[in-house]
Protein chains: 2
Amino acid sequence: MAESHQPDDCSIQRTLDAIGDRWTLLILRDLFRGVRRFSMIQTDLGIARNLLADRLISLADEGVVKKVPYQDRPPRHEYHLTAKGRALSPALVALMRWGDDYYTDGGAPTELVHDECQTRLELQSWCTSCNSPVDPTHIRSAPGAGRVLSVTETEDV
Amino acid sequence: MAESHQPDDCSIQRTLDAIGDRWTLLILRDLFRGVRRFSMIQTDLGIARNLLADRLISLADEGVVKKVPYQDRPPRHEYHLTAKGRALSPALVALMRWGDDYYTDGGAPTELVHDECQTRLELQSWCTSCNSPVDPTHIRSAPGAGRVLSVTETEDV
DNA sequence: GATGGTTGGTTGCAAATCTAAACCGACCCG
DNA sequence: CGGGTCGGTTTAGATTTGCAACCAACCATC
């Protein structure tokens with residue numbers, strides 16, 4: 001892409017530049033699930049090998065994954081998530097939850113649960129100051145730039 | 001994409017099939033911000049007009065947005081998020097937060113805050129049963145399919 | 001020590017996708 | 001009537017992608 005004419009003035013723009021590729025989030029999903037080797041990912045996803053190689057290089061350049069050797073002579077390595085990569089967990093969870101809610105037809109929804117009580121997890125905005133969850137209608141954008149991420153401006157369908 | 005050889009067995013796969021396009025999440029960001037008209041979105045994003053038209057049709061087909069007429073004679077309409085579309089809010093927020101955390105260099109981070117106390121928001125997994133936030137290390141995948149979305153299997157970088 | 005298998009790629013080409021720019025119909029304004 | 005806006009569609013050319021074949025390094029085996 002020619003990098004939108006708006007120089008990336010937005011976190012979402014920057015994020016999508018880094019990981020917004022059609023395959024990248026699926027690769028990350030595999031890494032989260034412990035599928036870490038080139039051929040395992042390739043088999044699991046059915047992605048072309050050259051694309052997988054490219055994506056892994058980009059992800060390593062971005063610092064989202066790192067190569068970790070697991071044997072020497074043939075040099076072989078796995079791709080591990082860095083802290084930056086693991087920080088994507090909420091985003092993956094949110095996307096997964098949305099898929100569960102609206103595309104349940106297929107197969108097992110791969111739901112996420114709290115291991116202590118087996119309850120299905122929600123994803124909540126959390127205010128560390130109030131130490132409580134925040135209703136979406138009380139979310140505003142920060143430095144007063146007038147940009148509101150609103151979920152209430154439209155009526156229900 | 002040729003729809004991976006794995007028939008979409010995963011919520012993330014299904015989700016990305018629906019909205020995983022390079023532009024689609026940016027279009028949704030605009031809709032969340034109240035940018036709802038064809039030419040406004042086109043100007044804001046710099047997307048080609050045919051692609052924008054295609055994406056909006058797909059999003060309407062998916063039930064993520066709906067066309068809402070705002071004048072009659074020339075028939076003109078806006079694109080509004082449906083409930084299904086608004087349900088993507090946590091995912092957008094999560095992606096935005098990640099961008100804020102790791103790509104702050106550029107400009108104003110467009111942070112999200114709690115409007116009552118102006119505190120920056122975190123995104124938390126929430127157990128409705130325990131009525132409390134859940135630590136990432138206590139997340140397991142649901143119907144015991146052996147698929148764990150783990151954030152702790154690798155060491156820090 | 002040749003034969004085959006596994007792993008992690010690279011290369012080349014056809015097919016799909018994207019961009020840019022022109023065009024269009026329905027209207028409004030002066 | 002001439003010009004401008006809005007919401008697109010069409011076309012043509014550049015870019016990206018997918019697929020398949022190939023390759024190099026090793027191992028295991030006979």
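The chains referred to below are lettered A, B, ... by the order of the sequence lines, with proteins before strands, and numbering in each begins at 1.
Applying a 4.0 Å cut-off to non-hydrogen atoms, the residues of residues 48-58 of chain B that approach DNA chain D are Arg49(B), Asn50(B), Ala53(B), listed by residue number.
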**Prompt:** Would Tyr102(A) and Arg14(B) satisfy side chain to side chain contact (heavy atoms under 4.5 Å, CB included), going step by step from the backbone distance to the final call?
**Reply:** CA-CA 9 Å; Tyr102(A) 292 98; Arg14(B) 286 190 291 267; over 6 Å; no
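Asp101(B) is linked by a side-chain contact (heavy atoms from CB on, under 4.5 Å) to Arg97(B), Arg120(B), counting only residues two or more places apart in sequence or in another chain. Looking at residues two or more places apart in sequence or on another chain, you find no side-chain contact (heavy atoms from CB on, under 4.5 Å) involving Pro75(B). Under the side chain to side chain donor-acceptor pair (under 3.5 Å) criterion, Ser129(B) pairs with Thr119(A), not counting sequence neighbours. Among residues two or more places apart in sequence or in another chain, the side chain to side chain donor-acceptor pair (under 3.5 Å) test is passed with Glu78(B) by Arg37(B), His80(B). Shown here are the side-chain contact (heavy atoms from CB on, under 4.5 Å) partners of Leu59(A), two or more places apart in sequence or in another chain: Ile19(A), Thr24(A), Ile27(A), Leu28(A), Val64(A), Val65(A).
Rounded to an integer number of Å, the gap from Glu78(B) CD to dC6(D) P is 12 Å. Rounded to whole Å, atom C1' of dT17(D) lies 15 Å from atom CG of Leu45(A). Atom CZ of Arg22(B) is separated from atom C1' of dT17(C) by 11 Å (rounded to the nearest Å). Taking atom CZ of Phe38(A) as the reference point, atom P of dT6(C) lies 16 Å away to the nearest angstrom. Distance, Gln42(B) CD to dA20(C) C1': 11 Å, rounded to whole Å. The interatomic distance linking Gln71(B) (CD) with dG7(D) (C1') rounds to 11 Å, in whole Å. The CG-C1' distance, from Leu26(A) to dT17(D), rounds to 15 Å in whole Å.
Grouped with Trp126(B) in one hydrophobic cluster are Trp126(A), the linkage being side-chain heavy-atom contacts under 4.5 Å among Ile, Leu, Val, Met, Phe, Trp and Tyr residues. If you chain together ILVMFWY residues whose side-chain heavy atoms come under 4.5 Å of each other, Tyr70(B) ends up in a group of its own.
Within the structure, a side-chain polar atom (N or O) of Trp23(B) is placed less than 4.0 Å from OP1 or OP2 of dT19(C). When the side-chain nitrogen and oxygen atoms of Tyr79(A) are compared with OP1 and OP2 of dT7(C), none of them lie within a distance under 4.0 Å.
To the nearest 0.5 Å, atoms CG (Leu92(B)) and CZ (Phe32(B)) are separated by 5.0 Å.
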Under 3.5 Å, which N/O atoms of the protein pair with N/O atoms of nucleotides 25-30 of chain C?
residue : atom : partner  : partner atom : Å
dC27(C) : O3'  : Arg73(B) : O            : 2.9

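A 4.5 Å side-chain heavy-atom check between Lys66(B) and Tyr79(B) finds every atom pair outside the cut-off.
The His77(B) side chain lies nearest to dG7(D) when the options are dT19(C), dG7(D), dG9(C).
A salt bridge links Asp44(B) with Arg33(B); the closest basic N to acidic carboxylate O contact falls under 4.0 Å.
Note that the two end axes of the helix from dG1(C)-dC30(D) to dG30(C)-dC1(D) enclose an angle of 10°, each drawn from 5 base pairs, rounded to 10 degrees.
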